[in-house]
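Structure first, then comments.
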Amino acid sequence: MKKALYKTLYFLAYGFWYLLALLPFPVLYLLSDGLYLLMSRVVKYRHKVIRKNLKSSFPEKTDEELCHIERKFHRWFCDYIVETLKLMTMSKKQLMERMTFTGTEELNRVLSEGKSAAVYLGHLGNWEWITSLPYWVDNALCCQLYHPLENEYFDRLFKFVRERHGALCIPMQESLRKIIQFGRSGKPLVVGYISDQTPFWWNIHHWIQFMNQETPVLTGAERIVKHTRQVFVYGDVTRTSRGHYNCEFRIIREETKGLPEYEITDLYFQELEKSIRHQPEIYLWSHNRWKRTRARFDEYFEEIDGKVHLREGKEMIY
């Protein structure tokens with residue numbers, strides 16, 4: 001019964017999404033404008049989280065400046081929603097006009113030498129449109145790591161949209177195995193890593209200063225990159241105008257195998273912070289990025305032989 005319900009909801013969601021995606025951009029942006037008024041003035045979507053994140057990240061800014069960034073964030077975020085909906089029906093031509101890439105010459109050089117590339121990105125700009133990268137690289141297999149949704153039908157829906165333009169989705173828990181498997185295809189890989197999420201307590205092995213705050217960071221991507229000798233590339237995303245983005249590729253380290261532990265992760269967050277400070281309104285401030293603190297971690301957990309364990313007498317926290 002439950003499966004039948006989910007299946008019905010899947011078809012309804014697919015149909016509704018498809019109909020919305022058929023609307024032209026001017027109409028979608030009118031919808032975005034209405035959604036902006038609702039989210040920023042009426043509902044005040046995640047206002048406390050957004051303001052806390054902004055205030056902690058930019059202590060030098062006045063309340064008026066922070067309000068200005070928050071308003072621009074809401075406008076961009078509503079655009080991001082309708083732009084992601086539109087992805088279901090966007091053509092190759094539309095995407096190549098609206099999501100451009102620079103620095104592809106160096107990326108293609110690396111790929112022509114038979115090397116694979118790790119493209120580090122953040123929740124910045126429209127990361128869903130980055131799935132159009134296969135149109136810009138030569139003779140390579142593009143893929144991205146993602147967290148599958150619990151509902152298999154909705155996971156299938158989002159996966160279908162993300163793979164429409166040739167980039168494959170790799171479930172996070174299968175990442176290393178799949179990357180090694182794809183690497184045997186004879187083509188070099190371009191793997192997209194969005195690594196600025198908040199790690200679970202038991203995945204915290206490294207802390208950095210990021211946006212003026214002590215921050216726990218994911219390090220699993222770095223281990224994969226070094227194990228598979230991928231070239232470390234940063235994708236600097238900017239919004240050039242409404243509905244138009246550019247991603248500039250910069251090779252940070254061509255040889256990664258022997259790099260010191262956490263160097264890739266540290267360099268990635270340094271690059272990401274520069275991008276955020278350049279255009280703060282297009283970063284995902286509504287995510288409660290700094291909810292896990294070092295003091296809380298030290299109180300409840302300890303790391304023994306590279307693994308995080310709950311301290312004796314403590315109950316698990318989430």
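Below, each value reflects all heavy atoms present in this structure, side chains not excepted, and no hydrogens, waters or symmetry copies.
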query: Between F73 and W76, what is the ring plane arrangement, given parallel below 30°, perpendicular above 60°, and tilted in between?
result: tilted

message: Would you call the rings of Y14 and F160 parallel, tilted or perpendicular, taking 30° and 60° as the class edges?
response: tilted

- prompt: Counting N and O atoms only, with roles assigned by atom type, does the side chain of Q144 sit under 3.5 Å from a partner on the main chain of C169, one being a donor and the other an acceptor?
  reply: no

- request: Step through the shown structure and confirm whether more than 12 heavy atoms of other residues, nucleotides or ligands are within 6.0 Å of CD on E64.
  value: no

Pair F249-F101, ring-ring contact (aromatic ring centres under 6.0 Å, His included): steps then yes or no: CA-CA 7 Å; F249 294 126; F101 295 87; 5.6 Å; yes

field: Minimal non-hydrogen separation, T256 against V225, with atom names
entry: OG1-O, 3.7 Å

message: Salt bridge check, R250 against E106: does any charged N sit closer than 4.0 Å to a carboxylate O?
response: no

- prompt: Could you give the distance from NE2 (H74) to CD (E281), rounded to the nearest 0.5 Å?
  reply: 13.5 Å

task: Please indicate whether E312 has more than 12 foreign heavy atoms, meaning atoms of other residues, nucleotides or ligands, lying under 6.0 Å from its CD.
output: no

- prompt: L149, L87: one ILVMFWY side-chain cluster at the under-4.5 Å cut-off?
  reply: yes

field: Expected output: side-chain R294 to main-chain E214 donor-acceptor under 3.5 Å
entry: no

query: Rounded to the nearest 0.5 Å, how far apart are CZ of R51 and NE2 of H47?
result: 5.0 Å

field: Centroid separation Y262 to W207 less than 6.0 Å
entry: no

message: Applying a strict under-4.5 Å side-chain criterion to I, L, V, M, F, W and Y, I'd like to know whether L23 and F16 cluster together.
response: yes

- request: Take H278 and S275, measure what side-chain hydrogen bond (donor to acceptor under 3.5 Å, both in side chains) needs, and give me the verdict at the end.
  value: CA-CA 5 Å; H278 174 66; S275 300; over 6 Å; no

query: Taking NZ, NE, NH1 and NH2 as the nitrogens, is one of them in K226 or E261 under 4.0 Å from a carboxylate oxygen of the other?
result: no

Shortest non-hydrogen separation from L310 to E315 and the atoms involved: CD2-C, 3.9 Å

- request: Begin with the C-alpha distance, continue with both residues' side-chain angles, and end with the deciding distance and a verdict on side-chain hydrogen bond (donor to acceptor under 3.5 Å, both in side chains) for T238 and Q279.
  value: CA-CA 7 Å; T238 53; Q279 248 184 341; 4.9 Å; no

field: Sidechain-backbone polar pair: N108 side chain, T104 backbone, donor-acceptor under 3.5 Å
entry: yes

task: Establish whether V27 and L85 are linked, either directly or via other cluster members, by ILVMFWY side-chain heavy-atom contacts under 4.5 Å.
output: yes

message: Please evaluate residues R75 and R242 with respect to the criterion side chain to side chain contact (heavy atoms under 4.5 Å, CB included), reporting the C-alpha separation (whole Å), side-chain torsions for both, the decisive distance (0.1 Å), and the verdict.
response: CA-CA 10 Å; R75 284 197 176 279; R242 192 176 198 182; 5.7 Å; no

field: Whether R296 side chain and I317 backbone form a donor-acceptor pair below 3.5 Å
entry: no

Euclidean distance, L124 CG relative to I282 CD1, rounded to 0.5 Å: 4.0 Å

- prompt: Is it the case that T84 and E128 place a side-chain donor and acceptor less than 3.5 Å from each other?
  reply: no

query: Does a donor on one side chain sit under 3.5 Å from an acceptor on the other, for D138 and S112?
result: no

Considering all heavy atoms, the nearest I170-S175 contact: CG2-CA, 3.7 Å

message: With a sphere of 6.0 Å drawn around NZ of K307, does it hold more than 12 non-hydrogen atoms of other residues, nucleotides or ligands?
response: no

Donor-acceptor side-chain pairing of S57 and Q213 below 3.5 angstrom: yes

- prompt: Is it the case that Y36 and D79 place a side-chain donor and acceptor less than 3.5 Å from each other?
  reply: no

- line: From the list W17, Y146, Y153, ring-ring contact (aromatic ring centres under 6.0 Å, His included) with F158 holds only for W17

W290 vs S56, side-chain hydrogen bond (donor to acceptor under 3.5 Å, both in side chains): CA-CA, chis, key distance, verdict: CA-CA 10 Å; W290 290 277; S56 300; over 6 Å; no

field: Residues Y29 and E83: side-chain donor-acceptor under 3.5 angstrom
entry: yes

message: Are Y80 and W127 an aromatic pair, judged by ring center distance below 6.0 Å?
response: yes

Pair D298 + K314, salt bridge at N-O below 4.0 Å: no

Aromatic ring pairing F210/F269, orientation class (parallel under 30°, perpendicular over 60°, tilted between): perpendicular

message: Between H206 and D266, is there a side-chain donor-acceptor contact under 3.5 Å, judged purely by atom types and distance?
response: yes

- request: Could you tell me the separation between the CZ atom of R98 and the NZ atom of K86, rounded to the nearest 0.5 Å?
  value: 8.5 Å

query: What heavy-atom pair brings G306 and H205 nearest, and what distance separates the two atoms?
result: O-CE1, 3.1 Å

message: Could you see if M172 belongs to whatever hydrophobic cluster contains V308? Use Ile, Leu, Val, Met, Phe, Trp, Tyr and a side-chain cutoff under 4.5 Å.
response: no

K274 and D236 ion-paired at < 4.0 Å: no

- request: Measure centre to centre between the rings of F301 and H309, then say whether the value is under 6.0 Å.
  value: no

query: Which value, rounded to the nearest 0.5 Å, describes the distance between E248 atom CD and T102 atom OG1?
result: 4.5 Å

- prompt: Is the closest basic N to carboxylate O distance between E97 and K93 below 4.0 Å?
  reply: yes

- request: Determine, using the 4.5 Å side-chain heavy-atom cutoff (strictly less than), whether M88 and L22 are members of one ILVMFWY cluster.
  value: yes

field: Smallest separation among heavy atoms of I50 and S286, with atom names
entry: CG1-CA, 3.7 Å

Name every donor-acceptor pair, under 3.5 Å, that has one atom in a side chain of residues 178-195 and the other anywhere in the protein, sequence neighbours excluded.
residue, atom, partner, partner atom, Å
S185, OG, F182, O, 2.7
S185, OG, K187, N, 3.4
Y193, OH, Q230, OE1, 3.0
Y193, OH, Q230, NE2, 3.3

- request: Please check if the side chain of N212 supplies one atom and the backbone of P59 the other of a donor-acceptor pair under 3.5 Å.
  value: no

- request: Please work out whether the ring planes of F154 and Y10 are parallel, tilted or perpendicular, with thresholds of 30° and 60°.
  value: perpendicular

- prompt: Quick one: do E273 and R277 make a salt bridge, cutoff under 4.0 Å?
  reply: yes

- request: Could you tell me whether the side chains of H165 and Y135 share a donor-acceptor contact shorter than 3.5 Å?
  value: yes

field: Sub-6.0 Å ring centroid separation between Y120 and F232
entry: yes

field: T89 (side chain) donor-acceptor with A21 (main chain) under 3.5 angstrom
entry: yes

query: Crowded around H244 NE2? As in, over 12 foreign heavy atoms under 6.0 Å?
result: yes

- prompt: Which distance, rounded to the nearest 0.5 Å, do you find between the CH2 of W129 and the CE of M96?
  reply: 14.0 Å

message: Tell me whether R292 contacts the main-chain N or O of P199 through its side chain, where contact means a donor paired with an acceptor under 3.5 Å.
response: yes

task: Assess whether salt bridge (Lys or Arg N to Asp or Glu O under 4.0 Å) is satisfied between R156 and E163, documenting all intermediate values.
output: CA-CA 10 Å; R156 188 188 307 169; E163 292 186 336; over 6 Å; no

message: Please tell me whether Y300 and W202 form a close aromatic pair, meaning their ring centres lie under 6.0 Å apart.
response: no

